[in-house]
Amino acid sequence: GNDDPYLVIHPTSRWLFKTPKPAFWIEVIDLLREQTHFRICLTGVGAGLEGEFIEAIKKACPDLIVYTDLSIKELVNLIAGAYAFLGVDTFSSHLAWTLGKAGSVLFGPSDDIAWGPPDNSSLKVYASQHHLCRPCNLDGCGGSKRSDCLDSLNPVDVIDELLQRL
């Protein structure tokens, strides 16, 4: 019901090389629905490539609660009220860390030591341990605008680690 705790998922960044593909997020949402009682709120930008990304997720998960184009105040309030946060290296993740939210932030080519939450934070970095090239700080592998270190993440592993933290 509406009293159930909710989890905020912010799957996109202005730079799509900083996020796994929509299929990853759809599987993540399905796993969370199977394994938890959380309501899931998706946040993001409603226009351009980010908007298309959000639409692809929404189409596969039609009953999802989606908030696009929130003001900073609205985003702060939504994240502040959340039980947990899951997202990518973006402004929303910085807000979640500042607000003391538990959860995970996915890092690919960006340097999580420089840009991620500190080690003592309840928001933890999740990154591929199999890509010794990361962090490369490149906009995708070989100029592709896609990052193998993110596209190869296993949704099951991400959710298992997230749920262990909560």
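- The distance from atom CG of Asn154 to atom CD of Glu161, rounded to the nearest 0.5 Å, is 12.0 Å.
- One hydrophobic cluster, built from ILVMFWY side chains closer than 4.5 Å, holds both Val66 and Leu7.
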**OP:** Could you go through the salt bridge (charged side-chain N to carboxylate O under 4.0 Å, His left out) check for Arg134 and Asp112 one step at a time?
**Re:** CA-CA 10 Å; Arg134 75 157 302 280; Asp112 51 276; 2.6 Å; yes

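- To the nearest 0.5 angstrom, Ile29 atom CD1 is 9.0 Å from Ile159 atom CD1.
- Atom CZ of Arg14 has 12 or fewer neighbouring heavy atoms from other residues, nucleotides or ligands inside a 6.0 Å radius.
- The six-membered or imidazole ring of Tyr83 lies near that of Phe38, with a centre-to-centre distance under 6.0 Å.
- Comment: Arg39 does not engage Asp63 in a salt bridge, judged by the lack of any side-chain N to carboxylate O separation of less than 4.0 angstrom.
- No side-chain donor-acceptor contact under 3.5 Å links Thr68 to the backbone of Val45.
- Although no hydrogens or angles enter the test, the distance criterion places no donor-acceptor pair under 3.5 Å between the side chain of Gln35 and the main chain of Arg33.
- The pair Lys59-Glu55 does not count as a salt bridge, with every side-chain nitrogen at least 4.0 angstrom from each carboxylate oxygen.
- Taking 4.5 Å as the limit, some side-chain heavy atom of Ile57 sits within range of a side-chain heavy atom of Leu42.
- When the side chains of ILVMFWY residues are joined at heavy-atom separations under 4.5 Å, either directly or via intervening members, Phe91 and Val125 end up in a single hydrophobic cluster.
- Atom-to-atom distance recorded for Ile79:CD1 and Leu95:CG is 5.0 Å, nearest 0.5 angstrom.
- The number of heavy-atom neighbours closer than 6.0 Å to CG of Asp119, taken from other residues, nucleotides and ligands shown, is 12 or below.
- Annotation for Ala102 and Leu166: closest pair CB-CD2, 3.7 Å, computed over non-hydrogen atoms.
- By the rule that hydrophobic residues join a cluster once side-chain heavy atoms approach within less than 4.5 Å of another member, Leu138 and Leu132 end up as members of separate clusters.
- What you find for Lys18 and Ser110 is that their closest heavy atoms are CE-OG, 3.6 Å.
- In this structure, His94 NE2 and Leu123 CG are separated by 10.0 Å, a value rounded to the nearest 0.5 Å.
- Of the possible donor and acceptor atoms, none in the side chain of Lys124 sits under 3.5 Å from a partner among the backbone N and O of Ser104.
- With His131 as the fixed residue, the side-chain contact (heavy atoms from CB on, under 4.5 Å) test singles out one of Cys141, Cys149, Cys136: Cys149.
- Using a distance-only test at 3.5 Å, with no hydrogens or angles considered, a donor-acceptor pair links the side chain of Ser147 to the main chain of Phe17.
- Under the 4.5 Å side-chain heavy-atom criterion for ILVMFWY residues, no single connected hydrophobic cluster contains both Leu86 and Trp97.
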**OP:** Begin from the C-alpha positions of Leu32 and Ile9 and carry the test side-chain contact (heavy atoms from CB on, under 4.5 Å) through to its verdict.
**Re:** CA-CA 11 Å; Leu32 283 168; Ile9 296 180; 3.8 Å; yes

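- Of the possible polar contacts, one joining the Lys101 side chain to the Ala80 backbone as a donor-acceptor pair under 3.5 Å is found.
- From Asp151, atom CG reaches atom OG of Ser144 across 8.0 Å, with rounding to the nearest 0.5 Å.
- Residue Ala60 comes nearest to Ile26 through the heavy atom pair CB-CD1, 3.4 Å, listed as atom of the first residue, atom of the second, then distance.
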Subject >> Working for side-chain contact (heavy atoms from CB on, under 4.5 Å), residues Val8 and Tyr67 >> reply: CA-CA 10 Å; Val8 170; Tyr67 297 99; over 6 Å; no

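- In this structure the side chain of Val156 reaches within 4.5 angstrom of the side chain of Asp160, judged on heavy atoms.
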Subject >> Stepwise side-chain contact (heavy atoms from CB on, under 4.5 Å) check, Leu150 with Ser128 >> reply: CA-CA 7 Å; Leu150 286 165; Ser128 170; over 6 Å; no

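- The backbone N or O of Pro117 sits nowhere less than 3.5 Å from a side-chain atom of Ser121 that would complete a donor-acceptor pair.
- Residues Tyr126 and Val88 fail the side-chain proximity criterion, which asks for heavy atoms closer than 4.5 Å.
- Two residues are said to be in side-chain contact when any heavy atoms from C-beta on lie closer than 4.5 Å; Glu27 and Leu31 meet this criterion.
- By the 4.5 Å heavy-atom criterion applied to side chains, Ile65 and Ile40 are not counted as neighbours.
- Residues Thr90 and His10 are in side-chain contact: their nearest non-hydrogen atoms beyond the backbone lie under 4.5 Å apart.
- Here OG1 of Thr12 is found 9.0 Å from CH2 of Trp25. Values are rounded to the nearest 0.5 Å.
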Original post:
Passes side-chain contact (heavy atoms from CB on, under 4.5 Å), Phe85 versus Leu78? Steps please.
Top reply: CA-CA 10 Å; Phe85 178 88; Leu78 184 70; over 6 Å; no

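- Hydrophobic clustering keeps Leu49 apart from Trp15 (ILVMFWY residues linked when any side-chain heavy atoms are closer than 4.5 Å, directly or through intermediates).
- In this structure, Trp115 and Phe107 have side chains that are in contact, with non-hydrogen atoms separated by less than 4.5 Å.
- Heavy-atom contacts from other residues, nucleotides or ligands closer than 6.0 Å to NE2 of His37 number more than 12.
- A 4.5 Å side-chain heavy-atom check between Leu16 and Arg146 finds at least one atom pair inside the cut-off.
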